[in-house]
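Step one of this worksheet: look at the structure below.
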Amino acid sequence: MIHWIDGRFHAAQIKARLQIDVADVEMRHQRRPGLHTIIVGKQKASHDYVRLKLKAAASVGLNGTSRQFPEDVTETELIFHIQQMNADDDVDGILVQLPLPAHLNVSRIIHTIAPEKDVDGFHPQSAASLITDSTGFVPCTPLGCLYLLYAEGIQPKGLGAVVVGRSAIVGRPMAHLLLRENATVTSCHRHTQDLYRHTRAADIVICATGVPHLFRPEHFKDGAIVIDVGQGRLPLDGGQDRLVGDVDKDALDDEKYSLSITPVPGGVGPMTIAMLLANTVEAYRRRTRAALPTLRERFHEVLPDV
Ligand code: GUN
């Protein structure tokens, strides 16, 4: 049997809880938490993502802005703008939508974001904190994946987890997060020999390669939990394309296989956005010392160790 893990459902639950807390904190502190985004150039996908994030932010009562810069903005100008946001008390979360045009040094730009406002969890200090003291922000997609595991009653502790893909945004932080949760973690990537030997042995597989339909159901063992982070596109007849994951969903025969798996769309995507909102409310709580539940308390029932 195939058990579909419903990311939209879990994301809606998180947002409902955040909405109550945001309304409460606004009444007491006369200010809503604010998520402020920067977008460079005209890439449609980036604009679509930022629009979705700000719509979700508004739906739970957060303030949100999108500052758009032309494709040829200088690094100095962008850094100056981030420094202004760092100094602005009404800004709780800063998000620079990636990718950036090639002439900009992404590392220097992300480094400029104040770590206490780094709700994407991309700052080197946030990355370091994931493997040291756990005080920084955890990147939203890995955090969303971990949330889904716990929400589905899966304790990673002691299980064999394979993370396929080692990007700075998903694969690497995901591997560290699972390690922190006491899973036995294997990190696979494009140079891994006999990839499927690893995935077939795993209790949990996180597919984060971005290669559409790289995996088929026979690449997982019976009873495995598969989190599909892929957001690829495959052409449809008639010139359109469709959003697909790393796993070939069409091959998942309900009679033949026993798997728990996240669909694409409707799995990890909505969780990434929900975690961004949760990180923003957490940034507000930390900066203002508002009497709000911590991220740990907020997710305690499902996420005992965040
Ligand atoms: N580009 C693709 N995913 C992300 C994300 O999670 N955050 C940002 N800032 N840019 C992205």
Side-chain angles (χ1 to χ4, degrees), residues 7 11 14 34-57 62 64-69 71 73 78-79 81-82 85-86 91-102 104-115 117-127 130 136-148 165-174 176-177 206-212 227-233 243-246 262 264-265 267-280 282-283:
I14 295 160
L35 171 65
H36 298 268
T37 66
I38 290 176
I39 184 162
V40 180
K42 290 205 156 75
Q43 267 204 35
K44 185 177 174 309
S46 291
H47 282 263
D48 289 348
Y49 280 131
V50 168
R51 200 172 320 111
L52 274 179
K53 289 169 186 177
L54 291 177
K55 192 172 156 204
L62 300 183
T65 61
S66 166
R67 175 72 195 265
Q68 303 186 15
F69 289 91
E71 186 82 23
V73 64
L78 214 51
I79 285 177
H81 185 71
I82 295 171
M85 292 167 103
N86 286 343
V91 174
D92 298 289
I94 300 172
L95 180 148
V96 178
Q97 185 64 25
L98 303 178
L100 291 172
L104 298 170
N105 182 320
V106 179
S107 194
R108 267 202 296 269
I109 287 162
I110 299 298
H111 215 119
T112 310
I113 298 173
K117 300 189 178 190
D118 175 38
V119 289
D120 251 336
F122 294 171
H123 192 284
Q125 193 171 311
S126 307
L130 187 54
F137 289 102
V138 177
C140 306
T141 299
L143 189 57
C145 295
L146 183 67
Y147 185 99
L148 283 179
R166 55 173 170 175
S167 70
I169 294 180
V170 182
R172 281 173 207 231
M174 188 76 243
H176 284 296
L177 199 52
I206 313 285
C207 303
T209 70
V211 180
I227 306 289
D228 189 350
V229 186
Q231 297 267 309
R233 298 224 156 246
L243 183 65
V244 295
D246 286 3
T262 57
V264 178
V268 173
M271 294 302 295
T272 297
I273 294 182
M275 293 298 148
L276 174 66
L277 309 182
N279 274 350
T280 305
E282 174 68 5

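Whatever order the structure lists them in is the order used to number ligands and atoms, beginning at 1.
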- line: Rounding to 0.5 Å, atoms CG (Asp246) and CD1 (Ile227) come to a distance of 12.5 Å
- prompt: Are any of the N/O atoms in Ile169 less than 3.5 Å from those in ligand 1?
  reply: no
field: Sub-4.0 Å heavy-atom approach of Met275 to ligand 1
entry: no
Approximate separation, where rounding is to 0.5 Å, of Phe122 CZ and His111 NE2: 15.5 Å
field: Within 6.0 angstrom of His81 NE2, more than 12 heavy atoms from elsewhere
entry: yes
message: So for ligand 1, is Leu98 a polar contact partner (N or O within less than 3.5 Å, distance only)?
response: yes
query: At a 4.0 Å threshold, what atoms of ligand 1 neighbour a non-hydrogen atom of Val96?
result: 8 (C), 9 (N)
- prompt: Would you say Ile110 and Asp120 make side-chain contact, with heavy atoms under 4.5 Å?
  reply: no
message: Return the CE to SG distance between Met275 and Cys145, rounded to the nearest 0.5 Å.
response: 9.5 Å
Distance (rounded to the nearest 0.5 Å) between Ile38 CD1 and Arg67 CZ: 8.0 Å
- prompt: Are any of the N/O atoms in Asp120 less than 3.5 Å from those in ligand 1?
  reply: yes
query: What distance do Leu276 atom CG and Phe137 atom CZ have between them, rounded to the nearest 0.5 Å?
result: 10.5 Å
statement: Under 4.0 Å between heavy atoms, the region of Phe122 that gets near ligand 1 turns out to be side chain
query: Would you say atom 7 (N) of ligand 1 touches the protein, meaning some protein heavy atom is under 4.0 Å from it?
result: yes
- request: Give the residue and atom name of whichever protein heavy atom lies nearest to atom 11 (C) of ligand 1, and the separation in Å to one decimal.
  value: Gln97 NE2, 3.4 Å
message: At less than 4.0 angstrom from any non-hydrogen atom of Lys53, what atoms of ligand 1 do you find?
response: 5 (C), 7 (N), 8 (C)
task: Just jot down the ligand 1 atoms closer than 4.0 angstrom to any heavy atom of Leu95, in number order.
output: 9 (N)
